[in-house]
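Input: a single structure, listed below in structure tokens.
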Amino acid sequence: MTIHRVIRGVQRYQGWVGGGAALCLLAGLYLGLLGSPPDYVQGEVVRIMYIHVPLAHTALLGYTVLAGGSVWYLWKRDPVVDNMCHAVAAISACFTALATATGMIWGKPTWDAWWTWDARLTSFAVLLLILLGYLMLRTMIDDPDKEARYAAVLAILGFVDLPIVHFSVEWWRTLHQPQSISLRGVSIASGMLAPLVLMSLGMSLLFSYMLMIRTQLLYLHRLLDAKKGRLLSRFHAPNADS
Amino acid sequence: MKKMRGKKIGMAVSILVIAGALGWLALGNFGDNLVYFFTPSEVTAFSPDYYGKKVRVGGMVVQGSVRTDMDDPGMTFDLTDGEATIPVTFTGIPPDLFKEGQGAVVEGYWTDRRRFHSTFIMAKHSEDYMPIELKRAGVELPRKDFMKSLVQ
Amino acid sequence: MNPLRLLYLRWSVVLVAVMGLAALTAQHYRDHLAGFVPQEVTREAPAGDIRVAGMVQRGTVTGNARAGHAAFQLMGREASLPVVYEGPPQDNLRAFKTLVVIGAWDASAGVFRAREIGIVPNYGFVAGAYLVGLLPLALLVFAMSRRVNLLYEDMKTSALYQED
């Protein structure tokens, strides 16, 4: 069966992905905390950028994977892809919540506000709501086929929010600053760009590692449920199988 | 059977909550947030309906305009978007990043005496990051023009 | 090696590295922490080079900090400290700004002679953000990896998982 081959492949590489994530994050933490200069406006508080921005990038990456996986599921109806979508939604929700939390901690000493309803913050909060709604929907439907289909449709509809999050700071007036890395160029000095890039890479790898692990976890649970069901049905209705 | 019904009700409630939250954000709140703040030029053109109404104004604090040497507590400064400049009276403690030549979003109200009164300021910083040594050496990184980022 | 023990071993290595980094960071920034507040300086008159944190009192700034000399009152909760600054050009000095002044207390003149002015570093926010950002992620990843390993172990021994 192909799925067993896929799982064996994932198992072979997941150690490298996890190890790579640990190395990038540790190097990024070292540069971010010790090896980079304070900012000319913000001083030491700028170091929060090296944790907040990678978390936020990864949250958006996660939702992109979720939307892509949902299209793939609706097209191929592969239950493992559905497992992957369920796994990625939980992980993205986690990254989205943590990006929000670290952003609030950055906002207080710089803007002097933990939270404000500008377009960037509001659209990002909507992203978290969509993910929580997605996860809630999945627990509410009993029929696994229906659950997968409805969830995929919700995920694809919710994708509208992603460009809004990304371009909100360019399209509208916000308290949040515009993109630092855009078509205008890179507006971060090299000593501060290095920890940011390393942490971003590390977070993306960590996200991939978590996705591999969680997809296996959900797959194993589904396998366990199915086998249990089959064993039980063998006990109760021995003729039903044959 | 009973369990099924409970689940269905739970599902309906959760969908209603999420849809309601999304709808509220999409229709009411988010619409307002597209004009998160007014610019000084818009404020100077305010019709009397807006006088005394709580609004936010974003702009740049004019160099050399911050004064704290008056008798009454607080401070005054000018806020500009490059076209119009408004005088602001502020009572309270400004954010740590509040500075002449930096962006600020000021919450308060405009009066018929053509002065903005505020008790809450948020600092708006730009998207460029560099060490102080580079800044002192006169390095400028590519970034969006601050005044343009106000008007949009 | 037993996969679960391998997992614990790998996580111990990561934990040791993170703790080393945390210790290094704490060591590096220990000297940057302000030691005194204004009322302590006037009351205890500490000798030598010290760091004092407080807020610049409104309407007290004289001189020109951009030219490298200024005088102002640094407010604490109970008392304010007269500060005379002589040093490199400084553009962070304004009323209501929370600052750290570095220098020595001149008891005979009753002023604090500052040779350097810094903004308050807010290390609490930085530490909080890193903790809030990383700790839940680490716990989640660890719990998930452990659970998957346990399930695979279970699968090998239990008849429930045998291929049909």
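Computed over heavy atoms, backbone and side chain alike; hydrogens, waters and symmetry mates excluded. Per chain, numbering begins at 1; letters A, B, ... match sequence-line order. This one's a predicted model, so the numbers in the text were calculated from it and none came from an experiment.
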Exercise. Give, as side chain, backbone, both or neither, the part of B:Q102 having an atom under 4.5 angstrom from any heavy atom of chain A.
Key: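 Only the side chain of B:Q102 comes within 4.5 Å of chain A.
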Practice problem: Select one option (side chain, backbone, both, neither) describing which atoms of B:K124 are under 4.5 Å from chain A's heavy atoms. | Solution: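 Both parts, backbone and side chain.
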Quiz item: Below 4.0 angstrom, N of the basic side chain to O of the carboxylate: do A:R222 and A:E147 qualify?
Solution: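 Salt bridge absent between A:R222 and A:E147.
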Between B:E127 and B:K144, is there a salt bridge with N-O shorter than 4.0 Å?
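Between B:E127 and B:K144 there is no salt bridge, as every charged N stays at least 4.0 Å from the carboxylate O atoms.
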Do the side-chain N and O atoms of B:D128 and B:S126 include a donor-acceptor pair separated by under 3.5 angstrom?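 Distance-only check passes for B:D128 and B:S126.
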(Q) Restricting to non-hydrogen atoms, name the atom on A:I164 and the atom on A:W171 that form the minimum distance, rounded to 0.1 Å. (A)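 Scanning both residues, the minimum pair turns out to be CA-CZ3, 4.3 Å.
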Which atom pair, heavy atoms only, marks the closest approach of A:L198 to A:C24?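 Looks like O-CB, 3.8 Å.
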Using heavy-atom distances under 4.5 Å, tell me whether [X] contacts chain B through its side chain, its backbone, both, or neither.
X      : answer
A:L137 : side chain
A:P178 : both
A:V46  : side chain

Contacts of residues 182-193 of chain A with chain B (heavy atom under 4.5 Å):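 Counting heavy atoms that sit under 4.5 Å from chain B, the residues of residues 182-193 of chain A involved are A:R184, A:G185, A:V186, A:S187, A:I188, A:A189, A:M192.
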| message | Would you compute the distance between atom OH of A:Y63 and atom CG of A:L162 and round it to the nearest 0.5 angstrom? | response |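 Answer rounded to 0.5 Å: 8.0 Å.
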Q: Sequence neighbours left out, what pairs pass ring-ring contact (aromatic ring centres under 6.0 Å, His included) with at least one residue falling in residues 79-107 of chain B?
A: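 Every pair satisfying ring-ring contact (aromatic ring centres under 6.0 Å, His included) with a residue in residues 79-107 of chain B: B:F77-B:F98.
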message: Both conditions, 6.0 Å and 45 degrees, for the charged tip of B:R56 above the ring of B:F38: are they met here?
response: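 The answer is no; the distance or angle limit is not met.
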Worksheet item: Got a donor-acceptor contact below 3.5 angstrom from the A:Q42 side chain to the A:D39 backbone?
Response: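 No, A:Q42 side chain to A:D39 backbone: no donor-acceptor pair under 3.5 Å.
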Margin query: For the interface with chain B, which of A:I181, A:D161, A:T110 has the highest count of heavy-atom pairs at distances below 4.5 Å?
Written below: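 Highest number of pairs under 4.5 Å: A:T110.
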